[in-house]
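Here, residue 1 is the first one in the sequence, and each next residue gets the next number.
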Amino acid sequence: MIDVLIIGSGGAGLSAALEAKKNCENVVVLSKTYPTMSQTSQAQGGINAILNNSKDTVQNHIDDTIKSAHSIGDIDTIKYMCENSKETISWLDDIGVPFSRDENNNIAQRKLGGALNPRACYSSDYTGLKILHTLYDTCLKEYIEFISENMLLNFIVDNGVVKGITSLDIATSEVKQILAKKVVVASGGYAGIYSGFTTNSTATTGDAIAAALRVGCEVSNMEYIQFHPTSMRGNCILISESARGEGGYLVTKDEKRFVDELQARDVVARAIYEKIQDEQEVYLDLRHLGLEKIKESMPQEYDLALQFSGLKLDQDLIPIQPAAHYTMGGIKTNLEGETNIKNLYAIGECSSNGVHGANRLGGNSLLEIVTFGRLVGKNVSLDSKEIVSIENKEYSVFINDKKNIEDIFDLESKVDFYDKRQIMGKLFYEDVGLFRTQESLQKVFKEIKSWEHELKLMGISDKSRVYNTNLKELLEFQNMLDLCDAIVISALARKESRGAHYRLDYTSESADFQRETTVSKKQDKILVELV
């Protein structure tokens, strides 16, 4: 019997697995791809921490996070994360994360947008990648079991208690039932909805959040999608905030700066997008930093720009545009990662525990996933000992999911969902993006409903059972469609502008909306309320 089943093999899932393994023998990590392909690798700029109280304070970090969250964040969750930041970095350092060092051999720190002081610890511009690889190597040393290329289908819930999951083995198209005493969801966000306009991989489709909605979990703050100010125009390859943290400028074609580059991400991204809408081109200018500094502090950015655009950071202006990068909404939890379903937990970008609120502070994502991953991993491993066993039977969800997959193989494909996915990305970027209105949101909502009516006409042309990505991508599209509903009705309900949610018809914050949006699904209807 699995003691702790973790869905997702990014920084949150691996941190939870390492802590859970200290108390449980049978810890399993399941993921749709492979551990080193996780979105954690996209967090390049750094991980926030207060290491020296003479230069910065925990209270400053708390205040910056609350300010960035626009008063939607949960104070207790924010305090826990910030107060434990030094210990989090110490643990990562102990397991071998190769942080960059200053002249005194202390962990180097840089300033990111929205921060009062330099507090982002970094490993050149590979911070997330280095953390991810170190966590994975450590998991292998601890003999933690991995099940890769398995896509979560649904949670098995019996009398309000989670008993495990069903998954699709991508290699064989077989539906599996996996039972576990405790289930921790750490599967990432849903920025993949913005297909063609996101820095995220195509695998970031919010499957677990959609599955949580289907079994009665509450999700919250789905309208808050953070757009990174600097992705390369035309391919959305991320250029880390470290580029601005190291002194990069944002300029128009005439090389004039137009915004304070280290303001909060939502402010900077909107300023860039306004220029683009005004038919002006916007560039990132790093030429004044010189090749030596660029190669030392952002070698990955240098290589990416050269490889994907043929441009050199020390010689060329880099054309940029904002792109969907991070989703603040997700499965609603408390500080301990608990959802409203017993024994089901959520951590990281798929969760909404109140640490980011309306807008995530740069450098806090890596801190969140490691801090709360460790906390939840420890707690669930201790609690799992209280559960003696789970009834080993074929649950109805498993039976239904097997039938559903067979039905898909038998279904004729009359409507191409790939076309719809492409339209979805562009539509959401333009109308549920950096600027929104009642009219634009209602237009998108109408389009979503038309796609939902066409779902029964969307099948797969590939009938092979071996590595059928056509099947996987149809299931992902269905999940994204559920989340599209949740995003748009949340955005419609929030008649104000706050953080990453900016409405041209309600341009200021309102005290009446200083609450979270909470979405639930009842009898196939998605309902929203402000709490």
Side-chain angles (χ1 to χ4, degrees), residues 11 36-49 51 89 92-93 96-113 115 117-134 137 199 201 228-251 253 255 257 260-262 265 268 272 281-323 325 362-363 365-366:
T36 51
M37 296 173 69
S38 148
Q39 205 61 39
T40 301
S41 61
Q42 288 280 2
Q44 301 161 343
I47 173 171
N48 287 333
L51 303 183
I89 297 298
L92 290 172
D93 193 32
V97 173
F99 287 111
S100 296
R101 302 280 167 169
D102 62 18
E103 62 276 7
N104 298 314
N105 202 36
N106 296 315
I107 293 174
Q109 293 179 286
R110 58 165 58 118
K111 186 175 181 180
L112 298 181
N117 296 302
R119 68 171 68 101
C121 309
Y122 60 92
S123 181
S124 189
D125 58 349
Y126 291 95
T127 312
L129 184 68
K130 296 299 184 184
I131 290 174
L132 183 64
H133 282 204
T134 305
D137 287 346
T199 63
S201 76
H228 200 287
T230 55
S231 76
M232 282 191 273
R233 190 166 68 233
N235 56 34
C236 288
I237 300 294
L238 176 67
I239 299 181
S240 167
E241 194 162 309
S242 61
R244 286 174 287 127
E246 294 290 346
Y249 300 149
L250 295 172
V251 299
K253 196 170 187 177
E255 300 188 20
R257 296 169 70 184
D260 177 354
E261 290 85 0
L262 290 181
R265 285 181 178 175
V268 178
I272 294 170
E281 296 178 347
V282 180
Y283 301 88
L284 178 65
D285 186 1
L286 301 168
R287 297 171 299 175
H288 56 285
L289 299 182
L291 181 60
E292 184 178 351
K293 182 171 183 178
I294 290 171
K295 282 285 200 175
E296 178 187 353
S297 60
M298 54 191 92
Q300 181 178 203
E301 315 307 316
Y302 185 90
D303 290 342
L304 287 171
L306 187 60
Q307 180 180 352
F308 289 96
S309 296
L311 301 172
K312 295 182 177 180
L313 297 186
D314 61 314
Q315 297 178 20
D316 300 308
L317 292 173
I318 310 302
I320 56 157
Q321 67 181 53
H325 179 62
S365 62
L366 289 174

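Looking at C121 and L366, their side chains never come closer than 4.5 Å, going by heavy atoms from C-beta outward. A heavy-atom distance below 4.5 Å is found between the side chains of P299 and Y126. Counting only heavy atoms from C-beta outward, the side chains of R257 and L250 never approach each other to under 4.5 Å. In this structure, the side chains of T134 and P98 come closer than 4.5 Å at one or more pairs of heavy atoms. Taking the side chain as every heavy atom from C-beta outward, D125 and S297 never approach each other to under 4.5 Å. Contact annotation: the side chain of L51 never approaches that of N106 to less than 4.5 Å [non-hydrogen atoms, C-beta and beyond]. Inter-residue side-chain proximity for R233 and Y283 is flagged as met; some heavy-atom pair is nearer than 4.5 Å.
Note that the CG atom of L238 and the CD atom of Q300 stand 8.5 Å from one another [nearest 0.5 Å]. Between I272 atom CD1 and I320 atom CD1 the span is 4.0 Å, to the nearest 0.5 Å. Separating the CG atom in L129 from the OG atom in S38 is a distance of 10.0 Å, to the nearest 0.5 Å. Here the CD-OG distance, from E296 to S100, works out to 8.0 Å after rounding to the nearest 0.5 Å. Residue L304 holds its CG atom at 5.5 Å from CE of M232, rounded to the nearest 0.5 Å. A distance of 11.0 Å separates OG1 of T127 from CG of L92, quoted to the nearest 0.5 Å.
The two residues G45 and Y122 have their closest heavy-atom pair at O-CB, 3.5 Å. Shown here for V268 and P229, the closest heavy-atom pair between the two residues is CG1-CB, 3.7 Å. Contact record, Y302 with I294: CD1-CG2, 3.9 Å, taken as the closest heavy-atom pair. Residues G46 and L112 approach most closely at N-CD1, 4.4 Å, considering heavy atoms. Taking both residues in full, the closest heavy atoms of A243 and L286 are given as O-CD2, 3.5 Å, listed atom of the first, atom of the second, then distance.
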- Task: For S240 and M298, run side chain to side chain contact (heavy atoms under 4.5 Å, CB included): C-alpha distance rounded to whole Å, both residues' side-chain angles, the deciding distance at 0.1 Å, then the answer.
- Result: CA-CA 9 Å; S240 167; M298 54 191 92; over 6 Å; no
- Message: Using side chain to side chain contact (heavy atoms under 4.5 Å, CB included), reason through R101 and I107 one step at a time and then give a plain yes or no.
- Response: CA-CA 5 Å; R101 302 280 167 169; I107 293 174; 3.5 Å; yes
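No donor-acceptor pair closer than 3.5 Å links the side chain of D316 to the backbone N or O of I318. Between the side chain of K293 and the backbone N or O of E246 there is at least one donor-acceptor pair closer than 3.5 Å. The main-chain N or O of S242 is never found under 3.5 Å from a side-chain atom of Q44 such that the two would form a donor-acceptor pair. Between the side chain of N235 and the main chain of I237, a donor-acceptor pair closer than 3.5 Å is present. Judged by distance alone, with hydrogens and angles left aside, the side-chain atoms of S231 form a donor-acceptor pair with the main-chain N or O of Q321 at under 3.5 Å. In this structure, Q109 contributes its side chain and A49 its backbone to a donor-acceptor pair below 3.5 Å.
Classification of the H325-H228 ring pair by plane angle, with boundaries at 30° and 60°, yields perpendicular.
The neighbour count for Q315 CD, taken as heavy atoms of other residues, nucleotides or ligands under 6.0 Å away, is above 12.
The side-chain contact (heavy atoms from CB on, under 4.5 Å) test with L132 is passed by exactly one of V97, T40, D137: T40. No option in D285, L284, L289, L291 other than D285 meets the side-chain contact (heavy atoms from CB on, under 4.5 Å) test with R287.
Remark: R244 engages E241 in a salt bridge, criterion side-chain N to carboxylate O under 4.0 Å.
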